[in-house]
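Ligands are counted one by one from 1 in listed order, and the atoms in each one are counted from 1 as well.
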Amino acid sequence: MTSFADITGTLEGLAIEVPSWAYGNSGTRFKVFGTPGTPRSVEEKIADAAVVHRHTGLSPTVALHIPWDRVDDYAALRRYAEDQGVGLGTINSNTFQDDDYRLGSLTHVDAGVRRKAVDHHLECLEVMRATGSRDLKIWLADGTNYPGQGDLRGRQDRLADSLAEIYAHLDPEHRLVLEYKFFEPAFYHTDVPDWGTSYAQVSALGPQAVVCLDTGHHAPGTNIEFIVMQLLRLGRLGSFDFNSRFYADDDLIVGAADPFQLFRIMTEVVRGGGLAPESEVALMLDQCHNIEEKIPGQIRSVLNVQEMTARALLVDTDALVGAQESGDVLGANAVLMDAFYTDVRGDLATWRESRGLPADPVAAYAASGHREQIAAERAGGTQLSWT
Ligand code: AFD
Ligand code: MN
């Protein structure tokens with residue numbers, strides 16, 4: 001029987017990267033709502049991310065998005081982040097907002113557009129050399145809206161060639177992380193729609209290319225934990241973009257829609273060695289807080305991952321394997337459900353205090369006055385969004 005004291009060593013190493021864009025204003029195609037205190041600069045976004053880390057001890061790095069987070073001096077930005085107590089993490093490329101990319105980027109029929117898109121990724125690699133980042137994350141909006149609009153196979157071949165050119169420029173410590181998404185903004189087909197396509201493309205590149213699994217990027221009913229198992233088994237699970245969804249790619253607080261699914265995902269992460277000290281699987285949030293406060297939303301999110309990870313670590317693996325191997329269907333399920341139903345919040349609160357952290361980070365932030373402070377300090381200027 002595994003106790004909470006048995007799992008704190010692993011919990012110590014839990015690190016969930018937060019995305020810079022979670023702290024800016026976001027919304028839907030119908031409306032982007034602003035909230036008081038929203039950052040007006042990359043530095044203010046990093047400062048807010050550091051507040052999340054100070055309250056939770058769970059988010060030591062911040063992912064950037066280029067060009068949203070473009071600055072003149074990335075080395076200075078790295079120093080600023082480190083002064084705030086966090087590091088700069090994954091660099092996310094963006095070939096989905098320039099007019100030239102209306103009909104695709106790395107897959108485009110026009111070699112000049114593909115050149116521009118590849119060059120953008122080479123710019124991102126330069127940023128990574130200044131920020132000390134390991135991962136270049138590529139999510140492509142490339143796809144078509146109507147059958148016949150594009151040659152599906154030709155797009156795959158051009159994608160492979162474009163990725164190969166980017167891959168050739170990686171430094172030895174870099175990784176190319178290719179994210180898939182089954183629809184949106186393209187409606188008929190997306191050129192990297194599923195884990196199989198991402199796996200096929202990264203396998204053709206080499207050992208420094210891996211898959212990013214965004215938990216909101218699957219058709220309803222998909223068994224996501226199976227994909228987690230398979231990518232870990234194949235050695236190609238690079239990172240997660242954690243969020244949750246009810247119907248589409250909602251980018252809601254991870255665990256909010258289905259905490260049991262998050263538990264099952266973390267159970268496969270644990271089973272597959274994804275939390276081992278030597279593991280290079282990156283856990284990251286990719287969320288937007290359209291109507292709720294941003295910093296509390298991020299705190300809630302990393303705590304949800306921590307809580308479901310703790311429950312997953314409490315699975316009695318000896319009893320589970322025994323029941324599985326003896327064909328004890330109900331017994332095996334009960335072992336898993338016993339861990340899922342274990343309320344670890346009290347143990348986590350006590351453990352946090354033992355490490356000099358607030359027992360209840362959400363309450364601590366609400367009582368800190370920081371929300372009111374930034375609302376007053378950041379009254380002027382232009383609030384940042386997806387631009
Ligand atoms: C959008 C995409 C994808 C990507 C993120 C950051 O759907 O999830 O990871 O932007 O570029 O949410
Ligand atoms: Mn994502």
Side-chain donor/acceptor of N25 to backbone N/O of V32, under 3.5 Å: no
Salt-bridged, D171 to R129, with N to O below 4.0 Å? yes
Q230 and R233: side-chain donor and acceptor closer than 3.5 Å? yes
Are there any protein N or O atoms under 3.5 Å from the N or O atoms of ligand 1? List them with distances, or say none.
residue: ligand 1; atom: 7 (O); partner: K181; partner atom: NZ; Å: 2.9
residue: ligand 1; atom: 7 (O); partner: H217; partner atom: NE2; Å: 3.4
residue: ligand 1; atom: 7 (O); partner: D249; partner atom: OD2; Å: 3.2
residue: ligand 1; atom: 8 (O); partner: E179; partner atom: OE2; Å: 3.1
residue: ligand 1; atom: 8 (O); partner: D214; partner atom: OD2; Å: 3.2
residue: ligand 1; atom: 8 (O); partner: H217; partner atom: NE2; Å: 3.1
residue: ligand 1; atom: 8 (O); partner: D286; partner atom: OD2; Å: 2.7
residue: ligand 1; atom: 9 (O); partner: K137; partner atom: NZ; Å: 3.3
residue: ligand 1; atom: 9 (O); partner: E179; partner atom: OE1; Å: 2.6
residue: ligand 1; atom: 9 (O); partner: E179; partner atom: OE2; Å: 3.1
residue: ligand 1; atom: 9 (O); partner: D241; partner atom: OD2; Å: 3.1
residue: ligand 1; atom: 9 (O); partner: D286; partner atom: OD2; Å: 3.1
residue: ligand 1; atom: 11 (O); partner: H65; partner atom: NE2; Å: 2.6
residue: ligand 1; atom: 12 (O); partner: D251; partner atom: OD2; Å: 3.4

Mark yes or no for whether N243, through its side chain, and Q287, through its backbone, hold a donor-acceptor pair below 3.5 Å. no
Output, in order, the C-alpha distance, side-chain angles, deciding distance and verdict of side chain to side chain contact (heavy atoms under 4.5 Å, CB included) for I265 and F240. CA-CA 10 Å; I265 287 170; F240 283 96; 3.8 Å; yes
What I want to check is whether the side chains of H289 and Y23 have a donor and an acceptor closer together than 3.5 Å. no
Which atoms of the protein, restricted to N, O or S, are nearer than 2.8 Å to the Mn ion (ligand 2)? E179 OE2, D214 OD2, D241 OD2, D286 OD2
Using 4.0 Å as the upper bound for N to carboxylate O, is an ion pair formed by E123 and R70? yes
Ring-plane angle category for F340 and F260, please: parallel below 30°, perpendicular beyond 60°, tilted otherwise. tilted
Are a donor atom and an acceptor atom from the side chains of D69 and W21 found within less than 3.5 Å of each other? no
